[in-house]
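Have a look at the structure below before the remarks.
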Amino acid sequence: MEFARRVSARFETKRLPEDVDDGLETLEEYKQRWRSVRIIYFTMFLMALGFSIILTGIWPYLNKLDPDAGKEFMGLIVAANPLGQMIFSPIFGWWGNKLGKIRLPLLLSLSLFTLASGIYSSLELRPDNVKYWMLSSRFLIGVSSANIALCRSYLSAATRISERTHAVAMVSLAQVLGFIIGPTLQAAVTPLGDQGHVWLWGKMHFNMYTASGWINVLMSIGNFMMFLPGVFEEHKIAAREVMVMQGGTSEKETWKGIKPSYLSAWTLIVAFFVLVFNFVLLETLGTSLTMDMFAWSNDEALWYMGIMMTTAAIVSLVTFVLIEPMCKIIAERYVLIWGGFSLMFLGRVLFVPWGPDPPKLAQPFNASWNLSESDPIFLGCPTTQKWCGELPALTLTQFIIGFAFTSIGYPIGVTLIQTIFSKVLGPRPQGVWMGWMTGSGCLSRVLGPVFVGSIYTRLGTFWTFGVTSAMMLVSMFWLQCSNRLLIPPTFEKTTPVELKELNKHNGSKLLDDHSPDTHNGSPPEDLSPDQPILGKHGSQHSISHA
């Protein structure tokens, strides 16, 4: 205990950093503000984990519970999560703006997340219409994940302009790590097997499929406790910072006077849709694609994809660390276009197969042959997908290189789109706008699995990766042609207003010569007698009658 206290004291902030020591906040407020931001990081990580942790295991799990469900229904189950998130993200954003606080919506959403994850892990009890129960649980997890709009909005309000790129990079890292570590955790519990352990008199099944849901339950309970009073305290500084820069007297009037570029905002929302669509398509398709192309079994696909996801997490971590230094040398919009979108485009092009021969065809499973489903004769590209015998196979080298480009390009793209979007909107409450941004990403995660279920299974790899490559190319071209739309507005710093002591005898000379109105010692006309005004370093003083 003493050791933990010493370690904590060693990393504790002792004084305000020089670049933010301007009187806008005290040291204690600064520490509370950044503690709240780090809690937001964890929440974003958990919501992404809740979506991705089941992706590599959902097909064999569904096939075990209901062998007649099919891949197209699997696509609907994967799409149910982002569909719920897409519908409720603007609602959560509006709710947060209306309340002016995010604690209550986040506590309710985390309670729902815990309940829905528990339902998913209880499906081994085999209720009637089990596939629809799975569909419902994933939809409810999506509804709870709509709190991401609130998290992004709060992050924009709780960080200064100079802190924004770093904060968004870290929250994007948390989110991407959630997407990547989810399949890694699924791979880690694979040794439990599909039988696992049965506890609580048959009421709790703990195997390689249900373990992912129970992990979500435990982590969401911890996240719920983080938002309780005394742990999470909201501190918003963005509007106050801009108010001081412009010499204003009201945060609300300051942000109301700044009109965002709606064309810029919608350009970034569409770009976000395209970027997330391409990433989720690969994540959703990854397991079944490797099983089709390389004739891997369920266990092999989970294990190898887990290793690749872990490697991608490390690559993404390094990339996120490098984003801020890169943006100090090259403008953010150019790093977005030529670092994020160009690498994502190359990653999609590399997935267009160039193998010399078609993939190995799998024979339909026949239980009368007394062979297990993992027997090599049943592994490979299923004959029900007619293109399997006609199109060339994807090579393992292609898959690895394309996956590596994606692991670098996606973190750059998703971070800088959100950073520029936040700066373009300015210091206004961004709950609804962040809801639309989150909704566009959710729409891509709805259409991605459906795309897999229709285009991939029916038309094959050429159409799948040809269409996605074209999407990335067109988006990159549009961003380059309209890159001036991506330049955030700047806020000029004005000479700070400094107050002098109030003359207790006659009330004269209330403000110094820099004040906009010192006539007869009376306050400016737009200030009421008790309204706070900004003094040096943004500190507040009240005008009172002598």
Side-chain angles (χ1 to χ4, degrees), residues 52-64 71 74-75 78 179-190 194 208-209 212 278-313 315 347-363 365 372-385 387-389 391-407 410 448-449 451-453 455-465 468:
S52 69
I53 196 170
I54 58 94
L55 285 184
T56 54
I58 193 170
W59 169 240
Y61 187 32
L62 177 64
N63 202 37
K64 176 186 177 183
K71 279 186 179 179
M74 183 269 290
V78 175
F179 282 128
I180 292 174
I181 291 177
T184 305
L185 289 176
Q186 176 69 80
V189 298
T190 300
D194 60 355
M208 67 179 185
Y209 304 127
S212 57
N278 276 266
F279 179 77
V280 173
L281 174 68
L282 175 59
E283 191 169 48
T284 306
L285 186 57
T287 304
S288 56
L289 178 67
T290 56
M291 293 172 70
D292 289 350
M293 295 293 107
F294 312 132
W296 289 348
S297 66
N298 287 341
D299 291 348
E300 287 174 330
L302 289 178
W303 175 249
Y304 291 134
M305 284 300 296
I307 293 174
M308 292 191 66
M309 289 290 189
T310 304
T311 305
V315 172
R348 295 293 73 73
V349 169
L350 281 168
F351 274 34
V352 177
W354 63 43
D357 301 306
K360 174 183 176 296
L361 296 179
Q363 296 297 321
F365 178 69
S372 68
E373 294 183 22
S374 60
D375 191 276
I377 195 174
F378 303 125
L379 302 180
C381 206
T383 54
T384 53
Q385 297 175 171
W387 55 268
C388 287
L391 300 180
L394 182 73
T395 67
L396 184 59
T397 302
Q398 277 184 270
F399 185 80
I400 292 174
I401 296 175
F403 199 87
F405 278 137
T406 302
S407 301
Y410 181 73
F451 191 85
V452 171
I455 303 299
Y456 173 75
T457 56
R458 297 178 185 180
L459 300 177
T461 49
F462 275 124
W463 272 97
T464 300
F465 298 111
T468 52

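Position 1 is the first residue of the sequence; numbering continues from there. Heavy atoms only: backbone and side chains are in, while hydrogens, waters and symmetry mates are out.
Of all heavy-atom pairs spanning Q385 and D292, the tightest one is NE2-OD2, 3.4 Å. Pairing each heavy atom of W463 with each of I455, the nearest pair is CB-CG2, 4.0 Å. In plain terms, the two heavy atoms of C388 and L361 that are nearest each other are CB-CD2, 3.6 Å. Smallest separation of non-hydrogen atoms from M291 and A301: CG-CB, 3.6 Å. When all heavy atoms of P392 and P359 are compared, the closest pair comes out as C-CD, 4.3 Å. The two residues G389 and P358 make their nearest non-hydrogen contact at O-CG, 3.9 Å.
Expressed to the nearest 0.5 Å, how far CG of L185 lies from CD1 of I53 amounts to 4.5 Å. In this structure, the separation between CG on L391 and CG on D357 is 13.0 Å, given to the nearest 0.5 Å. To the nearest 0.5 angstrom, L62 atom CG is 10.5 Å from Y209 atom OH. Atom-to-atom distance recorded for W296:CH2 and T287:OG1 is 9.5 Å, nearest 0.5 angstrom.
For the pair T464/F351, no side-chain contact is recorded, criterion being any heavy-atom separation below 4.5 Å from C-beta on. The shortest side-chain heavy-atom distance between L289 and T461 falls under the 4.5 Å cut-off. Within the 4.5 Å cutoff, no side-chain heavy atoms of T395 are placed close to those of M293. Looking only at side-chain heavy atoms (C-beta outward), W303 and T190 stay at 4.5 Å or farther from each other.
Among W387, F462, F465, the single residue meeting the ring pair (Phe, Tyr, Trp, His ring centres under 6.0 Å) criterion with Y456 is W387.
Enclosure of atom CZ in F405 is not indicated, since only 12 or fewer non-hydrogen atoms of other residues, nucleotides or ligands lie within 6.0 angstrom.
In this structure, F399 and F294 have perpendicular ring planes: the angle between them is above 60°, well past the 30° mark.
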